[in-house]
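Data block below; observations after.
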Number of protein chains: 2
Amino acid sequence: MSQINHQRYYDCEDCLFKTISCQYIQKEEFEKLRSKSIQLKYKKGEVILKQGAKSTHFLFLRKGIIKFNYEDENGKNLILSINKAPALIGGANLVNAEFNLFSVCAIEDCEGCTIDVALLTRIALGNTLYLFKMLQFITDVFRSSIFNFISLAHKQVNGRIADILIFLSQNIYMNNDFVLSLSRQEFAEFAGCSKENVIHTLRKFHNEGLITLEGKKIILNDPERLQKISKHG
Amino acid sequence: MSQINHQRYYDCEDCLFKTISCQYIQKEEFEKLRSKSIQLKYKKGEVILKQGAKSTHFLFLRKGIIKFNYEDENGKNLILSINKAPALIGGANLVNAEFNLFSVCAIEDCEGCTIDVALLTRIALGNTLYLFKMLQFITDVFRSSIFNFISLAHKQVNGRIADILIFLSQNIYMNNDFVLSLSRQEFAEFAGCSKENVIHTLRKFHNEGLITLEGKKIILNDPERLQKISKHG
DNA sequence: ATTAAAAACTGCATTATTTCATCTTTGAAT
DNA sequence: ATTCAAAGATGAAATAATGCAGTTTTTAAT
């Protein structure tokens, strides 16, 4: 991710963050933000924000898919949430500014730009409607994780995996037919079970005709029946 | 909870919410908030905010212990978080105002007062430091639930129950020796397992000398060893 | 194209968890 | 004080999930 010369990969004119911001703040204000921001590219697998590190900036994710990852004291990983662009990442610390509770990693190639937290906060403090909009943006990222939480807490692995398949098709890939960005290990870290259990369960769904599985390619043949399994059928 | 005549149970002078508020806003502003607020008492078991209902007010919880409860489509309950006073409840909707995602129920007798959301928002919009403070207050309530999430997601029942015992002693009762406010069923809804599993596991911990169990009374005899079990030992 | 390493897969033994049937204790209501 | 209902407790059988060992497939590097 090292960009010595801060090259620009894309034009800021069509950026959603600019569009939204300029509904609330003056173009000159936005220009201050933009002048301090750096465009970055991340390859699949790269760490965008590191758990335990100090957040010096937000990242406006313009393109790509990311995971929120928590690593426990035994080195075991847990995926709390998966999100796709556009999203404002790193906002967990806007209110209670401290260290990153989680890592954020690219699970597909990503593009985005850094946003100076201190400057954004200063501007937002002078414009509460903008502040509210930014808070909404930030909390959006966490909204989906609540439902994964609920799924984990009181469903068995069948239901949890059905939930994840539905979630991915409806919220990430926007299609019943997609190429999974996660390894089986990562899928297991999202579902809160062993990778063998993921493999067995996906195979079972395949054998029952619920899904078609060809390596990383997954087709949901029967989303309604998956919904039933999710509802513990 | 019906208070036809809005009787006052306690004096507002020593209220933490007033103390904090008046560090940021004028006494006259606070008086507007206070004049619209109603003091309420809830008995153990009473619903304070109902899942699916519209939030017309926050509750500043002055005394007592509450649970955040989610009821799924099959009528199964799940406890997302347990919190004690003081806390500002119902703030999930400050930013994205819609319907309550969860119920909030008293698990010990509670006292608190309603706070008009629209008025608090209006005042906070005119005073961003106060707004930040309120947001901090609100997010505090959710902070602890993240760690329960993590515990649920990648620990077995032994570890989850150890985690809950430690959480309750350190964050709720502030003592190694406490009288549990939860039924075994509710404990199971917090731990994400069957009530029999809770009973078996608590009994096992008791037999191993880790805890002393006398009905609702629990003593943590060996918090260090519980920590080890939590860390999957 | 060949090789090595990583990821995916499989079946099975072990362990964990739920479910069920039954019994005991506790607490509230009459 | 008695009764009833709810909560707590227990053990055993059935089901679910993990962890292991070994095999195949995929991916990346030379």
Side-chain angles (χ1 to χ4, degrees), chain A residues 43-46 72 74-79 107-109 151-164 179-208 211-218 229-230 232-233, chain B residues 43-46 67 74-79 107-109 151-164 179-208 211-218 229-230 232-233:
Chain A
K43 286 222 177 310
K44 178 170 177 159
E46 264 191 286
D72 77 1
N74 307 315
K76 217 173 143 187
N77 288 304
L78 166 67
I79 297 179
I107 59 171
E108 288 294 339
D109 291 357
S151 173
L152 274 170
H154 67 165
K155 290 181 185 174
Q156 308 207 140
V157 170
N158 273 348
R160 303 211 293 262
I161 289 184
D163 274 344
I164 289 175
V179 177
L180 191 65
S181 317
L182 302 167
S183 69
R184 299 296 193 260
Q185 178 61 43
E186 284 177 312
F187 201 120
E189 287 163 2
F190 197 29
C193 66
S194 67
K195 68 174 189 302
E196 291 90 342
N197 206 342
V198 170
I199 293 168
H200 287 311
T201 304
L202 288 178
R203 180 60 50 198
K204 194 178 66 186
F205 286 175
H206 173 91
N207 292 339
E208 289 168 354
I211 65 173
T212 302
L213 198 61
E214 285 172 42
K216 294 272 187 188
K217 200 182 163 203
I218 295 179
I229 291 174
S230 155
H232 213 147
Chain B
K43 287 225 178 306
K44 177 170 178 159
E46 267 191 284
K67 65 173 176 180
N74 307 314
K76 216 173 143 186
N77 288 302
L78 165 67
I79 297 179
I107 59 170
E108 288 294 338
D109 291 357
S151 174
L152 274 170
H154 67 166
K155 288 182 188 176
Q156 309 208 139
V157 171
N158 273 347
R160 303 210 294 261
I161 289 184
D163 274 344
I164 289 175
V179 178
L180 192 65
S181 315
L182 302 167
S183 69
R184 299 296 193 260
Q185 178 62 44
E186 286 177 311
F187 201 120
E189 287 163 1
F190 197 29
C193 66
S194 69
K195 68 174 190 303
E196 290 91 340
N197 206 342
V198 169
I199 293 168
H200 286 148
T201 305
L202 287 178
R203 179 61 51 197
K204 193 178 66 184
F205 286 175
H206 173 91
N207 292 340
E208 289 168 353
I211 66 173
T212 301
L213 199 61
E214 285 172 43
K216 295 273 189 188
K217 199 181 162 200
I218 295 179
I229 291 174
S230 155
H232 214 149

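Labels below follow one simple rule: chain letters A, B, ... track the order of the sequence lines, proteins then strands, and each chain is numbered from 1.
Protein atom NE2 of A:His200 is 9 Å distant from nucleotide atom P of C:dT10, rounded to whole Å. Protein atom CZ of A:Arg184 is 14 Å distant from nucleotide atom C1' of D:dT24, rounded to whole Å. For the pair A:Asn197 CG and C:dC9 P, the computed distance is 14 Å after rounding to whole Å. When the P atom of D:dA17 is taken as reference, atom CZ of A:Arg160 falls 7 Å away, rounded to whole Å. The distance between atom CG of B:Asn158 and atom P of D:dA17, rounded to the nearest whole Å, is 17 Å. Whole-Å rounding puts the B:Phe187 CZ to D:dG8 P distance at 12 Å. Regarding A:Glu214, its CD atom lies at a distance of 16 Å from the P atom of C:dA8, rounded to whole Å. D:dA17 atom P lies 15 Å from atom CD1 of A:Ile199, rounded to whole Å.
Comparing A:Lys216 and A:Lys155, the nucleotide of DNA chain D nearest to each residue sits closer to the 5' end for A:Lys155.
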Subject >> side chain to side chain contact (heavy atoms under 4.5 Å, CB included) between B:Lys217 and B:Leu213, intermediate numbers included >> reply: CA-CA 6 Å; B:Lys217 199 181 162 200; B:Leu213 199 61; over 6 Å; no
Subject >> Stepwise side-chain hydrogen bond (donor to acceptor under 3.5 Å, both in side chains) check, A:Ser181 with A:Lys44 >> reply: CA-CA 9 Å; A:Ser181 317; A:Lys44 178 170 177 159; 5.4 Å; no
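Dense packing is recorded around NZ of A:Lys216, with more than 12 heavy atoms of other residues, nucleotides or ligands lying under 6.0 Å away.
Distances shown here put every side-chain N or O of A:Lys195 at or beyond 4.0 Å from the OP1 or OP2 atom of C:dC9.
Looking only at distances, a side-chain donor or acceptor of A:Glu46 sits under 3.5 Å from a matching main-chain atom of A:Lys43.
Residue B:Ser194 is classed as a base contact, given a heavy-atom separation below 4.0 Å to a base. Across all strands shown, B:Gln156 has heavy atoms under 4.0 Å from sugar-phosphate atoms exclusively, and none from any base.
Put simply, the side chain of A:Glu196 and the base of D:dC20 share a donor and an acceptor less than 3.5 Å apart.
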